[in-house]
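Reading through the structure tokens given below for one structure.
Every value quoted in this text rests on a predicted model; they were computed, and no experiment measured them.
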Amino acid sequence: MCRILRLSNNMESEVVSLFERAYNLPNFLHVTITKKEVLGGCCILCVCRQRNWPVSMGTVSYLLGADSSVIGTVYQDLIKSLNIKATTTGITDLMESFCYDFKLGPQHVEEVLSETPQRLLDRMSALIELASDTWIVTGRQPLPLLMGSVYVAWQSLNPSARMKYSFTKFCKIGKAPEQLWHRSRDTALKRVSELLEVLCKLGRELPWLRGVPVEPKTVTTLVEDILKHRRALLSRAVQKYQQQLQNQLSETQTTECDDDPSESNRCDPPSSENSDQAECENPADEQATDCQLPPSHWSKRHLFLPPCVKSRKRQRVDVPQLEVTGDEDISDSEIESYIRSPGEIQLYLKAQKELKQE
């Protein structure tokens, strides 16, 4: 693995030394072969992070063919057992090496599809900065976001010729390892839709469009202008959204007061805390995962929000199980349902007799 990742001899020696130290620990001595292989990958990941090498946990997971959650658990056990202070790798540290993994040069693909890694990296960096400003990066795994942003960046550099290519087709054109993108394809597509949604919100604020509809399918043609004026468009979109909310609130309060002016409390704003609790109190009869936020929730006053605020998880309620001991009282109606009528008894005896004859 060290040779595949092209680590230096010194880094390789550090990895071997770290693996030998961790191998004899009680947490890793009497475990399966698979976990010991994962331990070797975690040692490489730890040394790379200490040297600020752009190697992600997803890369190690792909090389080992192991689940990333298992690698995360072993990695946490490793740094706790050996008391290692390892730095984390940010998404910006992974962008350059990620762009060079795609074979999009003129020698690999057609000229209309080819793109230099540096040009792709510059556009991808601007998209990641925009995603960071609009909370898309917060609490997200880096690999799906990198894949989504490099796809949008590639499309936006020549939108007229590349808009027709899907995410899967792009990965095949760039000869990206199938196991790497196929595993996180659904999550990467969600990041793509979130990026396009943000670009649409900013694209609608471009003054020269004059009300022209901006859709996710065509917004890639505006990416260059949006990124060039990103700060101004963000400020303008937020101010416009807050102004619309204020106008809606004023209209609602005016309508309520006009409908029934005798009730003085009708014009008071509702308590957000009470309505929040009433809207999302744990319903035992529903198994939904997302909780719809009430209109008075504070998040409705903001255009861009962290993912954890957009859809909150419902608290699962354990349905009490019935305890049957056999000593329960049986109602008369239930007893009567088990008593057969004379006609049923005759039919049962007749069927039983025919079965014996057969």
Side-chain angles (χ1 to χ4, degrees), residues 1 4-5 35 37-39 41-50 52-80 86-102 120-121 123-155 166-168 170-171 174 176-199 289-290 304-313:
M1 285 183 65
I4 292 173
L5 296 172
K35 192 168 183 180
E37 292 177 353
V38 170
L39 175 62
C42 291
C43 292
I44 293 175
L45 181 63
C46 184
V47 172
C48 289
R49 288 187 172 183
Q50 288 177 334
N52 292 324
W53 268 54
V55 176
S56 66
M57 193 173 292
T59 303
V60 176
S61 172
Y62 166 68
L63 292 175
L64 290 173
D67 189 56
S68 57
S69 60
V70 177
I71 295 178
T73 303
V74 175
Y75 179 76
Q76 291 296 329
D77 291 341
L78 173 66
I79 60 177
K80 288 179 182 178
T87 58
T88 58
T89 304
I91 190 170
T92 54
D93 302 325
L94 302 171
M95 284 191 296
E96 184 172 359
S97 61
F98 189 82
C99 284
Y100 281 87
D101 287 340
F102 287 85
L120 193 64
L121 177 62
R123 178 59 56 87
M124 183 181 174
S125 301
L127 285 171
I128 291 293
E129 289 180 7
L130 177 62
S132 179
D133 290 340
T134 53
W135 297 98
I136 297 177
V137 180
T138 305
R140 294 304 184 39
Q141 294 183 359
L143 186 59
L145 183 57
L146 287 171
M147 297 184 71
S149 59
V150 75
Y151 169 62
V152 176
W154 176 78
Q155 273 195 330
S166 64
F167 174 77
T168 303
F170 162 71
C171 292
E178 185 173 354
Q179 293 182 357
L180 185 62
W181 62 263
H182 193 271
R183 184 182 301 178
S184 57
R185 178 179 57 183
D186 294 340
T187 309
L189 288 173
K190 290 180 182 178
R191 301 293 93 84
V192 170
S193 62
E194 290 174 353
L195 273 172
L196 294 179
E197 182 183 355
V198 168
L199 290 170
T289 55
D290 294 339
F304 302 107
L305 292 167
C308 61
V309 180
K310 286 184 177 180
S311 59
R312 300 177 304 170
K313 301 298 180 184

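- Within the structure, side chain to side chain donor-acceptor pair (under 3.5 Å) pairs that include any residue of residues 141-154 comprise Tyr151-Gln155 (at least two apart or interchain).
- For Ser68, the side-chain contact (heavy atoms from CB on, under 4.5 Å) test picks out Ser61, with sequence neighbours left out.
- Distance CD1/Ile128 to CD1/Ile136: 9.0 Å, rounded to 0.5 Å.
- The closest side-chain heavy-atom distance from Leu64 to Met1 is below 4.5 Å.
- With contacts defined as side-chain heavy-atom distances shorter than 4.5 Å, the pair Trp53/Val47 does not qualify.
- Take Ser125 and apply the side chain to side chain donor-acceptor pair (under 3.5 Å) test, not counting sequence neighbours, and it matches no residue.
- Annotation: side-chain contact (heavy atoms from CB on, under 4.5 Å) contacts of Ala126 (sequence neighbours excluded): Leu227.
- Considering only heavy atoms from C-beta on, Asn52 stays 4.5 Å or farther from Arg49 through its side chain.
- Every residue meeting the salt bridge (Lys or Arg N to Asp or Glu O under 4.0 Å) condition with Arg191, not counting sequence neighbours, appears here in chain and number order: Glu194.
- Annotation for Ala131 and Leu195: closest pair CB-CD2, 4.0 Å, computed over non-hydrogen atoms.
- A 4.5 Å side-chain heavy-atom check between Ile44 and Val55 finds every atom pair outside the cut-off.
- Between Thr59 and Leu5 the shortest side-chain heavy-atom distance falls below 4.5 Å.
- The minimum heavy-atom distance between Val38 and Ala66, with the atom names listed, is CG2-CB, 4.1 Å.
- Considering only residues two or more places apart in sequence or on other chains, Thr73 meets the side-chain contact (heavy atoms from CB on, under 4.5 Å) condition with Asp77.
- Using the six-membered ring where Trp is involved, Phe167 and Phe170 have ring planes that are tilted, between 30° and 60° apart.
- Atoms CG and CD1, from Leu145 and Ile91 in turn, are 4.0 Å apart once rounded to the nearest 0.5 Å.
- From Cys99, atom SG reaches atom CG of Leu121 across 4.5 Å, with rounding to the nearest 0.5 Å.
- Here the closest non-hydrogen pair linking Leu94 and Pro142 is CD1-CB, 4.0 Å.
- Between Arg185 atom CZ and Thr168 atom OG1 the span is 4.5 Å, to the nearest 0.5 Å.
- Atoms CD1 and CD, from Ile71 and Gln76 in turn, are 13.0 Å apart once rounded to the nearest 0.5 Å.
- Take Ser69 and apply the side chain to side chain donor-acceptor pair (under 3.5 Å) test, not counting sequence neighbours, and it matches Asp67.
- The two residues Val192 and Gly148 make their nearest non-hydrogen contact at CG2-CA, 3.5 Å.
- Among residues two or more places apart in sequence or in another chain, the side-chain contact (heavy atoms from CB on, under 4.5 Å) test is passed with Ala153 by Leu120, Arg123, Met124, Leu127.
- Residues passing the salt bridge (Lys or Arg N to Asp or Glu O under 4.0 Å) test with Asp133, sequence neighbours excluded: Arg230, Arg231.
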